[in-house]
Novice: 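Sharing a structure with you now.
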Amino acid sequence: MAILNVTPDSFSDGGRYATPATLRPRLEQLLADGADIIDIGGESTRPGAEPVSVEQELDRVMPAIEQAVALGARVSVDSRHPEVMAAALAAGAAIINDVNALRAPGAIELVSRYQPAVCLMHMQGEPRSMQQQPQYQDVVREVSEFLLQRATICRDAGLPAEKICLDPGFGFGKSASHNLQLLHALPQLAATGYPVLAGLSRKSLIGHITGAPVAERLVGSVALALLAAQRGARVLRVHEVKETKQVLQLWLAMEAQGQPSQQE
């Protein structure tokens, strides 16, 4: 899942792809690099971010969604607002990626009607305050219980289980320790049978451990993507598609060598 932020204030690429002159070349590059999904977002959810109006978000995401669909991309809309979700689905988006796990009034009814694939994410608090001393008794248990509860609500509304993906929400109301605990425990979440999404690209966890600024987190991002895949993540939400795909290809090739051949 390739990240495409059409916002002026996202933490690592704000403003870079918000104009027609930069948008189409970026879409074409992501597809050429091997993106299976393009995740388009028009509201920054970085720590401390202020919310934007639905009208602003629509103005930002709709041109990008329409262009991506026209290029044949499988499009995900990264939004927590049902009005934006509905417009995106009507324009050809296939996936709703919601940091709020479809808790907004009308969101469940919307996905029940349209039947898109959904990514349900855990977030403690709101973007503007979520990193102000997040606390858990047991972060793995609490995040897992929340996500499974939201998945059950979606299924009760008529959405098939195979259309539901779970995202523990790395960096969304979690300390570095919480993020590491969740990464270590990904096999438990994967064992629920739902596909797991991991979004670790350029996150502050990398800076916390290595000291690298946002612009120098490529290696850390690819390393964490590989670790997440090895622990059962099925969808990797990344900025660097080509580099991540190359690492995964090498890992999978190595794993294939360890499998018995059919002749054996």
Side-chain angles (χ1 to χ4, degrees), residues 1-7 10-46 60-79 84-85 88-89 91-99 116-121 162-167 169-171 195-203 206 214-215 217-230 232-253:
M1 177 184 278
I3 298 166
L4 180 61
N5 292 317
V6 285
T7 58
S10 291
F11 79 98
S12 70
D13 55 1
R16 292 185 64 186
Y17 309 115
T19 66
T22 56
L23 178 58
R24 187 178 181 89
R26 182 58 176 168
L27 286 167
E28 292 174 341
Q29 186 63 60
L30 291 173
L31 292 171
D33 287 346
D36 299 299
I37 302 165
I38 297 182
D39 189 45
I40 298 172
E43 179 186 31
S44 175
T45 50
R46 61 178 173 76
R60 292 172 181 177
V61 302
M62 292 311 296
I65 290 170
E66 290 164 0
Q67 285 199 44
V69 169
L71 289 170
R74 183 171 174 81
V75 175
S76 167
V77 61
D78 179 3
S79 179
V84 177
M85 298 175 192
L89 293 172
I95 303 167
I96 299 297
N97 181 22
D98 184 4
V99 299
V118 299
C119 296
L120 306 173
M121 197 195 80
E162 59 268 23
K163 289 194 170 186
I164 300 170
C165 181
L166 307 182
D167 178 357
F170 294 104
V196 173
L197 182 151
L200 290 151
S201 185
R202 302 183 187 173
K203 290 290 177 74
I206 303 168
V214 173
R217 294 178 184 172
L218 169 61
V219 174
S221 297
V222 173
L224 287 178
L226 176 60
L227 290 171
Q230 290 173 333
R234 294 269 301 279
V235 182
L236 301 174
R237 187 175 183 273
V238 303
H239 295 88
E240 289 86 12
V241 173
K242 181 169 62 175
E243 293 85 351
T244 306
K245 195 175 184 84
Q246 189 176 95
V247 167
L248 292 174
Q249 287 172 326
L250 292 168
W251 169 56
L252 292 172

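This structure is a prediction, so every number in the text was calculated from the model and none was measured.
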Novice: Quick one: do Asp98 and Met85 satisfy side chain to side chain contact (heavy atoms under 4.5 Å, CB included)? Show the steps, please.
Specialist: CA-CA 9 Å; Asp98 184 4; Met85 298 175 192; 3.5 Å; yes
Novice: Give me the atom names and distance for the closest heavy-atom approach of Pro63 to Arg60.
Specialist: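 Pro63 and Arg60 have their closest heavy atoms at CD-O, 3.7 Å.
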Novice: Does a side-chain heavy-atom distance below 4.5 Å link Asp167 with Arg237?
Specialist: no
Novice: Can you find a pair of side-chain heavy atoms, one from Leu30 and one from Ile3, that are under 4.5 Å apart?
Specialist: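 SC-SC contact between Leu30 and Ile3 ruled out.
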Novice: For a 4.5 angstrom cut-off between non-hydrogen side-chain atoms, does Ile40 reach Val77?
Specialist: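 Not in contact.
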Novice: Taking the side chain as everything from C-beta on, heavy atoms only, tell me whether Cys165 gets closer than 4.5 Å to Val235.
Specialist: yes
Novice: Mind checking the CD1-CD1 spacing from Ile37 to Ile95? Nearest 0.5 Å is all I need.
Specialist: 4.0 Å
Novice: Which value, rounded to the nearest 0.5 Å, describes the distance between Leu226 atom CG and Leu200 atom CG?
Specialist: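 Going from the CG atom of Leu226 to the CG atom of Leu200 covers 11.5 Å.
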Novice: So, for Gly34 and Val241, which heavy atoms are closest and what is the spacing to 0.1 Å?
Specialist: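 Taking every non-hydrogen atom into account, C-CG1, 3.8 Å.
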Novice: Could you tell me whether Gln249 atom CD has more than 12 heavy atoms of other residues or ligands within 6.0 Å of it?
Specialist: yes
Novice: Can you see which heavy atom on Leu236 is nearest to which on Ala228, and at what distance?
Specialist: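 Answer, listing the atom of Leu236 first, then Ala228: CD2-CB, 4.1 Å.
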Novice: Ignoring hydrogens, what is the shortest heavy-atom contact between Met62 and Ala88? Give both atom names and the distance.
Specialist: SD-N, 4.1 Å
Novice: Name all pairs fulfilling the salt bridge (Lys or Arg N to Asp or Glu O under 4.0 Å) condition that reach into residues 240-252, sequence neighbours left out, sorted by first residue then second.
Specialist: Arg202-Glu240
Novice: For residues Thr244 and Ala225, report the shortest heavy-atom separation together with the two atoms involved.
Specialist: CG2-CB, 3.8 Å
Novice: Is there a side-chain contact between Ile206 and Ser221 in this structure, where contact means two heavy atoms from C-beta onward sitting under 4.5 Å apart?
Specialist: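 With C-beta onward as the side chain, the pair touches.
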Novice: Got Leu197 and Met121 here, is their nearest side-chain heavy-atom distance under 4.5 Å?
Specialist: no
Novice: Mind listing the closest non-hydrogen atom pair of Leu23 and Ala64 along with its distance?
Specialist: CD2-CA, 3.6 Å
Novice: So, taking the atom named CD1 in Ile96 and the one named NZ in Lys163, what distance separates them when rounded to the nearest 0.5 Å?
Specialist: 11.5 Å
Novice: Would you give the length of the straight line joining atom CG of Asp39 to atom CG of Asn97, rounded to the nearest 0.5 angstrom?
Specialist: 4.5 Å
Novice: Can you tell me how far CD of Gln230 sits from CG of Leu227, rounded to the nearest 0.5 angstrom?
Specialist: 6.0 Å
Novice: Can you find a heavy atom in the side chain of Ile38 that is under 4.5 Å from one in the side chain of Leu31?
Specialist: yes
Novice: Report yes if some heavy atom in the side chain of Asp78 is under 4.5 Å from a heavy atom in the side chain of Leu4; otherwise report no.
Specialist: no
